[in-house]
Trainee: 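One structure coming up, written as structure tokens, with questions to follow.
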Amino acid sequence: MFKINHAEFLAPGIKRFVIEAPRIARKQKPGQFVILRIYEEGERIPVTIENSDPVRGTINIVVQAAGKTTHLLNSLQTGDSILDVVGPLGKPSEIANYGTVVIIGGGVGTAMAYPTALALKRAGNRVLSIVGARNKELVILESEMRAVSDALMITTDDGTYADKGFVTDKLRQLIQNGTRIDLVVAVGPIVMMKAVAELTRKESIHTVVSLNPIMIDGTGMCGGCRVLIDGKSQFACVDGPEFDAHQVNFEVLVQRNAMYRDAEQQSMAEYQQHVASGDAGHACAAVEPNPGGRA
Ligand code: NAD
Ligand code: FES
């Protein structure tokens, strides 16, 4: 069992957990993730590691409630425990002194972008960060991102905070202003990563995205996380999750992530019925959902 030392909402539906996991905390590097399971028959879900503290032996994970399991997870509180936490998984981000790097965090993807931004800053890069959210309430990790960035630009889709627009509007401005950009790292919804890739392809700017396909075992054995990179199959859990954005087949990623949508919706509806009827004990046992993308 992995004890939750602290749990707090960063935004509506987005919760940060500080979990006792000393072995993972010692080994975790930026860009990696964990797979966890809340209860014995529960599904295994990949979750972003936002930070780790090797001295305290803790990791921070950030979870957005989307389906049944992430809702259950976000109902856990300080002092509760998680059955299994496996990791760190995936290849770490490639950290080097590239020059000027633009880090883009879309919504909850900002939690995954943060440790990479921190490491790239420590490696001597000029870090320009762009954080986007649907509205003011959903902007997360603003102070953390500001602390590791030479400049932080924020956008909200509805204009309720900072500049109205998408993260790609800011990236386009930087390109049009003639800002020298040596690397772009983008983490967020698929549609955002695809839009970033299309912008930078035209300018031949090296761009890395962190993919969030369906995952089950996280060890390269089940094939659940297969993605198409430069026309070849790769497994995001062991070959990624970061890939050259200009080689990613985003259409296949969208199709594969939608494969279990009906079952996920059914499972969520049953879970909500159990919760509404006050039968929380059986909420866990509501029809087992199929695996989903990274929380
Ligand atoms: P969201 O839908 O609120 O979008 C976040 C931001 O992305 C928007 O504010 C906007 O700036 C940008 N964006 C959205 N659509 C765009 C478009 N068409 N063109 C350009 N920019 C666009 O994000 P959310 O609800 O927080 O969801 C985050 C997603 O990130 C989830 O799907 C989650 O699975 C995924 N995620 C990915 C990783 C990863 O490693 N890739 C990690 C964590 C989460
Ligand atoms: Fe099974 Fe990647 S999650 S192969």
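Since the structure is predicted, the reported quantities are computational estimates derived from the model, not experimental observations. One-based numbering, in listed order, for ligands and for the atoms of each. Numbers here simply count residues along the sequence, with the first being 1.
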Trainee: Provide the full list of side-chain hydrogen bond (donor to acceptor under 3.5 Å, both in side chains) pairs with a residue in residues 214-227, sequence neighbours left out, each pair given once.
Mentor: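 Output for this query lists D217-T219, R226-S233.
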
Trainee: According to side chain to side chain contact (heavy atoms under 4.5 Å, CB included), who are the partners of K91, at least two apart in sequence or on a separate chain?
Mentor: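 Side chain to side chain contact (heavy atoms under 4.5 Å, CB included) list for K91, sorted by chain: empty.
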
Trainee: Can a donor-acceptor pair be found between the side chains of T200 and H206 at a distance below 3.5 Å?
Mentor: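 Their side chains do not contain a donor-acceptor pair, so the 3.5 Å distance test is not met.
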
Trainee: Out of V62, T110, V187, who is nearest to atom 38 (C) of ligand 1 when you count heavy atoms only?
Mentor: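 Comparing heavy atoms across V62, T110, V187, the nearest one to atom 38 (C) of ligand 1 lies in V187.
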
Trainee: Answer yes or no: does an N/O atom from V167 fall short of 3.5 Å to an N/O atom of ligand 1?
Mentor: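 Among all N and O atoms of V167, at least one is under 3.5 Å from an N or O of ligand 1.
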
Trainee: So, S210 versus E242: side-chain donor-acceptor pair below 3.5 Å or not?
Mentor: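 Looking only at side-chain atoms, E242 and S210 do not form any donor-acceptor pair under 3.5 Å.
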
Trainee: Just going by heavy-atom distances, which of N257, N212, L253 is nearest to atom 33 (C) of ligand 1?
Mentor: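 Among N257, N212, L253, the closest heavy atom to atom 33 (C) of ligand 1 belongs to N212.
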
Trainee: When you compare ligand 1 with T48, is there at least one nitrogen or oxygen pair between them that comes in under 3.5 angstrom?
Mentor: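 Among all N and O atoms of T48, none is under 3.5 Å from an N or O of ligand 1.
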
Trainee: Assess whether a salt bridge exists between R16 and E50, defined as any Lys/Arg side-chain N lying under 4.0 Å from an Asp/Glu carboxylate O.
Mentor: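 Salt bridge: yes.
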
Trainee: In chain order, what residues pass the side chain to side chain donor-acceptor pair (under 3.5 Å) check against Q32, with sequence neighbours excluded?
Mentor: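 So Q32 forms no side chain to side chain donor-acceptor pair (under 3.5 Å) with any residue.
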
Trainee: Heavy-atom contacts under 4.0 Å between T168 and ligand 1: side chain, backbone, both, or neither?
Mentor: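 Only the side chain of T168 comes within reach of ligand 1.
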
Trainee: Can you check whether V127's main-chain N or O pairs, donor with acceptor, with D150's side chain at less than 3.5 Å?
Mentor: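 Flag set: sc D150 to bb V127 pair under 3.5 Å.
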
Trainee: For N257 and I214, indicate whether the former's side chain and the latter's backbone hold a donor-acceptor pair under 3.5 Å.
Mentor: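 Side chain of N257 to backbone of I214, a donor-acceptor pair under 3.5 Å: yes, one is there.
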
Trainee: Should one rank P189, A195, G106 by closest heavy-atom distance to atom 4 (O) of ligand 1, which comes out on top?
Mentor: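 Considering heavy atoms of P189, A195, G106, the nearest to atom 4 (O) of ligand 1 sits in P189.
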
Trainee: Measuring from each atom of ligand 2, which residues have a heavy atom under 4.0 Å away?
Mentor: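 For ligand 2, the contacting residues are M215, I216, D217, G218, G220, M221, C222, G223, G224, C225, C237.
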
Trainee: If you measure every N/O of V108 against every N/O of ligand 1, is any gap under 3.5 Å?
Mentor: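 The answer is yes, given that V108 and ligand 1 share an N or O pair closer than 3.5 Å.
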
Trainee: Looking only at atom types and distance, does a side-chain atom of N125 sit under 3.5 Å from a main-chain N or O of G99, one as donor and one as acceptor?
Mentor: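 The answer is yes, because a donor-acceptor pair under 3.5 Å joins these two groups.
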
Trainee: Find all atoms of ligand 1 within a distance of less than 4.0 Å from any non-hydrogen atom belonging to M192, and give their numbers and elements.
Mentor: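 In order of numbering, the contacting atoms are 7 (O), 12 (C), 13 (N), 21 (N), 22 (C).
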
Trainee: Donor-acceptor pair, T179 side chain versus L174 backbone, under 3.5 Å?
Mentor: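 Judged by distance alone, yes, a pair lies under 3.5 Å.
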
Trainee: Mind checking whether A133 has an N or O less than 3.5 Å away from an N or O of ligand 1?
Mentor: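 A133 vs ligand 1: N/O contact under 3.5 Å present.
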
